[in-house]
Every structure is written in structure tokens, then in C-alpha cells.
Amino acid sequence: MSKIVVVGANHAGTAAINTILDNYEGNEVVVFDANSNISFLGCGMALWIGNQISGPHGLFYQTKEQFEAKGATIHMECPVDRIDYANKVVYATDKDGTTYEESYDKLVLATGSLPIIPRFEGGDLENIQQVKLFQNAQEVVDKLQDDAIKTVAVVGAGYIGVELAEAFQRNGRHTLLVDMAPTCMANNFDPEFSAMMAKNLEDNGIEAHYGEGVDHFEGTDGKVTKLVTNKGAYDVDMVCVCIGFRPNTALAEGGDFELFTNGAFIVDRHQQTSVPDVYAVGDCATIFNNSLGGKPGYIALATNAVRSGIVAGHNVCGTPLETRGVQGSSGICIFDLKMVSTGLTESAAKRAGIEVLTTTVTDCQKAPFIEHDNPDTTIKIVYDKATRVILGAQLASTYDMSGNINMFSLAVERKVTIDELALLDIFFLPHFNSAYNYMTVAALQAK
């Protein structure tokens, strides 16, 4: 049996710890985490801020006490200072100043990611917020009790920024959305889908400023009052900066790690790093991107983090298990507009130098004679021009068609061709879809 040390206990770390404790008796498991809580579902922050849920309690699914009941030793609010990889020792200090020197046989690094916060002039003014941890969200919720905060600017129009823009608007604040990109969610969807979301945001009162980069902030009495971009200046009472994340790999110092272009730990399909007996999981590590032929990449999603933690948990206990890779499947729902995607967009394929074709269909969700609750759905499928293998898909509708993206995720992983999709056995019932449903039609009309 082994002594296993896990650094970090959010999604990836939690998955690894539970995999070890639930499947392998006799191992000693020691966990260090810098935070005061475990398993916070950051994807629910915007729902909390926007009063779409009653509070944050349901955003946690694991506790320190549950881990301890299974036999693990848990050190919370105890950041790791350094790791001696040659001698396999972890050094940490808790909030009371108590120091720890913990040896290990196997080490799992689940240190996650950190928000990218550029050093803007005036960036230290009060009410300029970041939103990643529970404490960040709690601070924003508390500050919104002040009616003097009337206008909120969100910097960054990716998934998190768009979700926060909706949340502040639902909270009764005038909301600005600012991004250097020409539209919102440009990394996740092709322009025609981003345009749907941009119109949705505009129709719901959000003031968007695309193609604008933040220059600096101005304030009065230590509080932010103005956001200044390269194209204008805007009066604000709060700013949320969410322009992206970077892998938290500060603990790589002292180890002979192979790192990705963005600094993430490069791992093999067992989640093992280039340092013997050291594994990395979640946002601090690379992942295999099946839509790019299985090449290592970086896709920071909670679902990917959980799967990587499960894979590592089995491997550190001696059961060989390889990751299958991912397609980067994701989705968003804003003011009832639902959009999902998996694999490559047409834009991403072109950036990768892959020659692709696409097929797009807009049709009602259910059989045409269903007269109620039968909105249109738009689907776009991206496939390789030479091999005709499906590389990605995007769907948008006010109808919840999100489950369909799982089929396309599997299609990308299994290298299904657009012609095979055209003859796939997709069930028909008028309550759910059409006999000639939009997925089949899209495949049939492919060039």
C-alpha cells in the first residue's frame, strides 16, 4: 500500500481522492488545500449573484468531514510552500503557522488555475472584483446589497463574462459587457452563433462594447467610478474582470517538469507528469484533444477535471487506466437562449490549418404539426473535407436540445463520418422531434 499526497481538493482533487478512498483500502491519503472549502461549483456563481437560486449552499458537494470519515487526513487553509521532488517531501504551512513535512510515495497535483488579472492603472481601486472562488462570489453578493451600486461593467465576454452580465442585469443593475473581440463567446462558437447571443444580450438590456480594450480605471475616494477603454469612458460602480485563466503551476519549481506553452503540466494518458510518481489533474494540466487528433491541449472545464482525477486516482493505486481524451463539450443558457458546442468550430479548424466543410440547418424541434412549445433549433456540423470525419458541432435554441451535443461528442471521439451520421438510427416521436430531424437533414445535405 502507498502513501498518497494530494495537493488541491476542488473538482479534480476531489475526484482523485474519492476514487482512491472508495476503491482501494489501506492507502494513506493526505490532502493539502489552500482554501477553506472544498468542491465549490463556480459555474453556479452567476445563478447566485442573479438571484436565480436562493443561496450558495447547493454549490458544494463534498466536505472535509466526508473525506475524514473515509480515512483521509485533510489540511485546509494550508498552502504548500514547496516540494522536494528528489526526496519526495511536501512542505506546507497552515493559517496558524504550523508547518508540515509530509513524505509521499505518489503525489497528485490538483492546483487548478488562477484568473488572469492584467495590471491596469487603477486596478487596485475598491469594487474591482474577480470571480472564481466562493469568497469572491460572496463578496460580490454582499456588495450588491448597496443600492449605490447601479452600474456594473463586466470585462471579458467569454462564458463567464456573459453569465455574469446576465446575473447583474437580473439583479437590477445596468450592465456593460466589454471585450477586445468583435463579439461574445468567440472562442466557443462560430460568428453566426455568437451573433445570436449578442442579439439576445442586447434584447435583454445589456450594453455591449465589443472591439474595445480596457486602458485604465479611475476612482473617487478609493472606489472605482470610471472604466476607460481605447474607444471611450464609462461611469461604473463595480467592475468584474474575467478575461481568462492560466494554470497554477508555481509548484513546478524544483522539479524537472515538461510544461505546455501556457505553463500547464504536460501529462501522459495516465495523468503522469515527466517527474516520476507525480501526477497532475484538472486545470493545472494538459488534456488530449480528440478533435485535433488527440494532441495535447488545454481545455479548462470542470467535467474534464473530474475525469482526469478519476484516471489519476486509479493509476496511483496501481490500476492502469488511460484517459480517452476530450472534445471540449460545453454549453450556456442566457435569458433562455441555450447554446452548446463540442469539438472544433469552423473558425478553430481554420486556425489549426484543417480544411473543413460545414452543414447548417434551422428547423423546428418537434414535428411541424406540434403547434406549441416548438421553437426553431439551429445546428451546424463541422467535418473534415478529406476524410469526412465529424470534427465538431454547435446548436442553439430556446428549446432544451442540449442532450444532442453528447452524441456529437461521441461522434468526434469515435471518428464518425458525416455520411454515417446521415443513416444513424435516431428515434422519432412527434413530442420530441421530426421524422426528418435537423441532425439527419444536416447530414443528408452535406456536400
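Remark: of the listed residues N37, T14, N18, N18 is the sole one forming a side-chain hydrogen bond (donor to acceptor under 3.5 Å, both in side chains) with Q62.
Of all heavy-atom pairs between I38 and F60, the closest is O-CD2, 3.3 Å. Across every non-hydrogen atom of T345 and N188, the tightest pair is CG2-O, 3.4 Å. Between S341 and Y159, the closest heavy-atom pair is OG-OH, 4.1 Å. Nearest heavy-atom pair, C284 versus T111, reported as atom, atom and distance to 0.1 Å: CB-OG1, 3.4 Å.
Listed by chain and number, the residues in a side-chain contact (heavy atoms from CB on, under 4.5 Å) with D376 are T362, C364 (sequence neighbours excluded).
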Between F189 and M339, does the side-chain contact (heavy atoms from CB on, under 4.5 Å) criterion hold? Intermediate values first, please. CA-CA 9 Å; F189 293 93; M339 296 174 59; 3.6 Å; yes
Going through the checks in order, is the side chain to side chain donor-acceptor pair (under 3.5 Å) test met by Y399 and D336? CA-CA 8 Å; Y399 185 85; D336 207 34; over 6 Å; no
What verdict does the salt bridge (Lys or Arg N to Asp or Glu O under 4.0 Å) test give for K380 and E346, after you've listed the backbone C-alpha separation in whole Å, the side-chain angles of each residue and the deciding distance to 0.1 Å? CA-CA 9 Å; K380 180 176 182 178; E346 182 180 9; 2.8 Å; yes
Step by step, work out the side-chain contact (heavy atoms from CB on, under 4.5 Å) result for V228 and K226. CA-CA 6 Å; V228 181; K226 195 176 293 290; 4.2 Å; yes
If you apply the rule ring pair (Phe, Tyr, Trp, His ring centres under 6.0 Å), what do you find for Y234 with H174, and how did you get there? CA-CA 12 Å; Y234 309 98; H174 176 57; 10.0 Å; no
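Residues F245 and K132 form a side-chain contact, since some pair of their non-hydrogen atoms from C-beta on lies under 4.5 Å apart.
With F432 as the aromatic partner, K366 does not meet the cation-pi criteria of under 6.0 angstrom to the ring centre and within 45 degrees of the ring axis. Figure legend: cation-pi geometry between R173 and F168 absent, as NZ or CZ is not positioned both under 6.0 Å from the six-membered ring centre and within 45° of its axis.
At least one donor-acceptor pair under 3.5 Å links the side chain of T175 to the backbone N or O of Q169. Remark: side-chain polar atoms of N262 are paired, donor with acceptor, to backbone N or O of A264 under 3.5 angstrom. Under a 3.5 Å cut-off, the side chain of N315 and the backbone N or O of V311 do form a donor-acceptor pair. D33 places no side-chain N or O within 3.5 Å of a backbone atom of M76 that could act as its donor or acceptor partner. In this structure a side-chain-to-backbone donor-acceptor pair under 3.5 Å is missing from N437 to N433. Put simply, the side chain of D268 gets close to the backbone of Q271: a donor and an acceptor are under 3.5 Å apart.
The local environment of CG in N230 is crowded, with over 12 non-hydrogen atoms from other residues, nucleotides or ligands closer than 6.0 Å.
Classified by interplanar angle (parallel below 30°, tilted 30° to 60°, perpendicular above 60°), the ring pair F40/W48 is perpendicular. Taking the six-membered ring where tryptophan is involved, the planes of F120 and F217 are perpendicular, since the angle between them exceeds 60° and thus also 30°.
The six-membered or imidazole ring of F265 lies away from that of Y279, with a centre-to-centre distance of 6.0 Å or more.
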